[in-house]
Student: 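The structure that follows is given in the form of structure tokens.
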Amino acid sequence: MRRVSNLAFNREFPAATGTTGLPAENAVFLRRDTRNPYDPDAVGVWLDTRPDVPLGWLYRKDNNRSVVLQALDQGKVLQGRVQLRAPRANGQKIVVFWL
């Protein structure tokens, strides 16, 4: 099933201020961010080319988060891509993935 979530960008990631640093066909992986000191259940989003620094995270109140955590706990690999919403939505960045 196709899922769409808003993405909270990591300010420490070089491309966080825009999409210029993201490849057009960017592959991202969703997995637990066990090093997140603020949220023990953080779901991080990593570019396959930068596995050391998360690009961002799913919001805590995201409707997909509990399903994503359940899938990750079952050992599933979740892959998706980052997209830019239509300009009328203020260029909001989202992550699209499949479960």
Side-chain angles (χ1 to χ4, degrees):
M1 173 188 275
R2 181 177 184 265
R3 304 250 179 182
V4 177
S5 290
N6 292 327
L7 183 60
F9 268 89
N10 181 354
R11 292 184 202 164
E12 296 176 16
F13 193 86
T17 56
T19 55
T20 56
L22 295 176
E25 290 298 322
N26 57 71
V28 295
F29 295 91
L30 285 76
R31 62 180 191 249
R32 284 185 176 269
D33 184 359
T34 56
R35 293 188 286 165
N36 188 316
Y38 306 104
D39 182 3
D41 287 329
V43 176
V45 178
W46 279 267
L47 281 170
D48 62 347
T49 58
R50 290 286 310 264
D52 55 329
V53 180
L55 175 64
W57 301 270
L58 297 187
Y59 285 96
R60 286 182 190 186
K61 294 182 179 181
D62 189 288
N63 292 336
N64 293 314
R65 187 170 144 151
S66 63
V67 178
V68 168
L69 286 169
Q70 185 178 31
L72 292 173
D73 290 344
Q74 292 172 358
K76 293 183 181 176
V77 175
L78 301 181
Q79 185 176 2
R81 59 192 167 100
V82 174
Q83 293 181 341
L84 187 64
R85 283 203 187 213
R88 67 172 180 246
N90 298 324
Q92 182 180 30
K93 295 163 194 77
I94 57 172
V95 62
V96 179
F97 56 96
W98 292 264
L99 279 177

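Below, all heavy atoms of this structure are taken into account, side chains as well, without hydrogens, waters or symmetry copies. Note that the numbering runs from 1 along the sequence shown for the chain.
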Student: Is Asn64 reaching over with its side chain to a backbone N or O of Val4, donor-acceptor style, under 3.5 angstrom?
Tutor: yes

Student: Provide the closest heavy-atom pair for Val28 versus Arg81 in the form atom of the first, atom of the second, distance.
Tutor: CG2-N, 3.5 Å

Student: For Asp39, look at atom CG and say whether over 12 heavy atoms of other residues, nucleotides or ligands are found less than 6.0 Å away.
Tutor: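 Atom CG in Asp39 is crowded, with more than 12 foreign heavy atoms closer than 6.0 Å.
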
Student: Who pairs with Ala8 by side-chain contact (heavy atoms from CB on, under 4.5 Å), at least two apart in sequence or on another chain?
Tutor: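 Ala8 satisfies side-chain contact (heavy atoms from CB on, under 4.5 Å) with Tyr59 once adjacent residues are dropped.
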
Student: Are Trp57 and Val67 co-members of a hydrophobic cluster defined by side-chain heavy atoms under 4.5 Å apart?
Tutor: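 Val67 does not cluster with Trp57.
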
Student: Please confirm whether the backbone N or O of Pro54 pairs with a side-chain atom of Asn10, one donor and one acceptor, at under 3.5 Å?
Tutor: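 Here the side-chain-to-backbone pair exists.
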
Student: Quick check: do Val45 and Phe97 have side-chain heavy atoms less than 4.5 Å from each other?
Tutor: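 Contact flag for Val45/Phe97 side chains = no.
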
Student: Going hydrophobic residue to hydrophobic residue with side-chain gaps under 4.5 angstrom, can you get from Leu7 over to Trp46?
Tutor: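 No, it is not one cluster - the side chains of Leu7 and Trp46 are not joined through contacts under 4.5 Å.
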
Student: First locate atom CG of Leu72, then atom CG of Leu30, and finally report the distance between them rounded to the nearest 0.5 Å.
Tutor: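 So the gap between those two atoms works out to 7.0 Å.
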
Student: For Asp48, enumerate each residue passing the salt bridge (Lys or Arg N to Asp or Glu O under 4.0 Å) test, keeping only those at least two apart in sequence or located in another chain.
Tutor: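 Once residues adjacent in sequence are excluded, Asp48 has no partner under the salt bridge (Lys or Arg N to Asp or Glu O under 4.0 Å) criterion.
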
Student: Where do Gln79 and Ala27 come nearest, in terms of heavy atoms and distance?
Tutor: NE2-CB, 3.6 Å

Student: May I ask you to list the residues sharing a hydrophobic cluster with Val77, side-chain cutoff 4.5 Å, ordered by chain and number?
Tutor: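 Phe29, all in the cluster of Val77.
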
Student: Return the set of residues passing salt bridge (Lys or Arg N to Asp or Glu O under 4.0 Å) with Arg32 (not counting sequence neighbours), or none when no residue passes.
Tutor: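 Checked Arg32 against salt bridge (Lys or Arg N to Asp or Glu O under 4.0 Å); matches are Asp41, Asp73.
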
Student: Determine, stepwise, if the pair Arg3 / Asp62 fulfils salt bridge (Lys or Arg N to Asp or Glu O under 4.0 Å).
Tutor: CA-CA 11 Å; Arg3 304 250 179 182; Asp62 189 288; over 6 Å; no

Student: Can you find a pair of side-chain heavy atoms, one from Val82 and one from Leu47, that are under 4.5 Å apart?
Tutor: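 A side-chain contact under 4.5 Å is absent here.
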
